[in-house]
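Because the structure is a prediction, the values reported are computed rather than measured. Numbers for residues simply follow the sequence, beginning at 1.
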Amino acid sequence: MSIVKINALTVPAEQREVLEQRFASRAGAVESSDGFEWFELLRPVEGTDQYLVYTRWRSEEDFQAWMEGPMKAAHQGGSGNAGADGGEGGGRPKPAATGSSVWSFEVVQQAAPKKA
């Protein structure tokens with residue numbers, strides 16, 4: 001079964017739009033990676049300032065290959081705030097997130113809508 005990585009990004013209210021724009025500008029950056037299965041950026045609705053970056057991978061090895069290759073290159077060595085820093089050259093903008101925590105899961109059950 002697949003694995004899921006969730007990056008919980010703490011984002012102050014005044015940085016939400018910045019974070020979302022940075023993710024939008026990277027549309028397609030992960031989709032061609034070997035073993036990639038799914039991506040979602042989840043905006044908090046109430047009770048938290050944490051965005052969740054949900055990615056699903058065929059295997060831990062596929063995720064690690066992406067982390068060490070395309071993701072690392074996109075973040076120029078990475079700051080620990082995946083997707084939150086803009087990552088464009090020497091005048092690199094300040095990260096939109098003030099904190100980050102990565103959670104890892106194995107998919108043990110799944111379901112899809114029944115077809116009519």
Without placing hydrogens or testing angles, list every side-chain donor-acceptor pair under 3.5 Å for residues 27-38, not counting sequence neighbours.
unit_1	atom_1	unit_2	atom_2	d
E31	OE1	G28	N	3.2
E31	OE1	A29	N	3.4
S33	OG	V30	O	3.2
D34	OD1	R58	NH2	3.2
D34	OD2	R58	NH2	2.9
E37	OE1	S2	OG	2.5
E37	OE1	R56	NE	3.1
E37	OE2	S2	OG	3.2
W38	NE1	E40	OE2	3.3

Using atom types as modelled, flag every donor-acceptor pair under 3.5 Å from a side chain in residues 11-19 to any protein atom, sequence neighbours excluded.
unit_1	atom_1	unit_2	atom_2	d
E17	OE2	Q21	NE2	3.1

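When all heavy atoms of M1 and V108 are compared, the closest pair comes out as CE-O, 4.3 Å.
By the 30° and 60° cut-offs, the orientation of the rings of F63 relative to W66 is tilted.
When each of I6, L41, N7 is paired with Y54, the side-chain contact (heavy atoms from CB on, under 4.5 Å) condition holds for I6 and for no other.
There is no side-chain donor-acceptor pair under 3.5 Å between Q64 and E68. No side-chain donor-acceptor contact under 3.5 Å links T55 and K5.
T98 contributes atom OG1, which lies 9.0 Å from atom CG of L9 (distance to the nearest 0.5 angstrom).
Residues I3 and F105 fall into different hydrophobic clusters, defined by Ile, Leu, Val, Met, Phe, Trp and Tyr side chains chained together at heavy-atom separations under 4.5 Å. When hydrophobic clusters are built by joining Ile, Leu, Val, Met, Phe, Trp and Tyr residues whose side-chain heavy atoms come closer than 4.5 Å, directly or via intermediates, V102 is not grouped with V107. Both F23 and W57 are members of a single hydrophobic cluster when ILVMFWY side chains are connected at heavy-atom separations under 4.5 Å.
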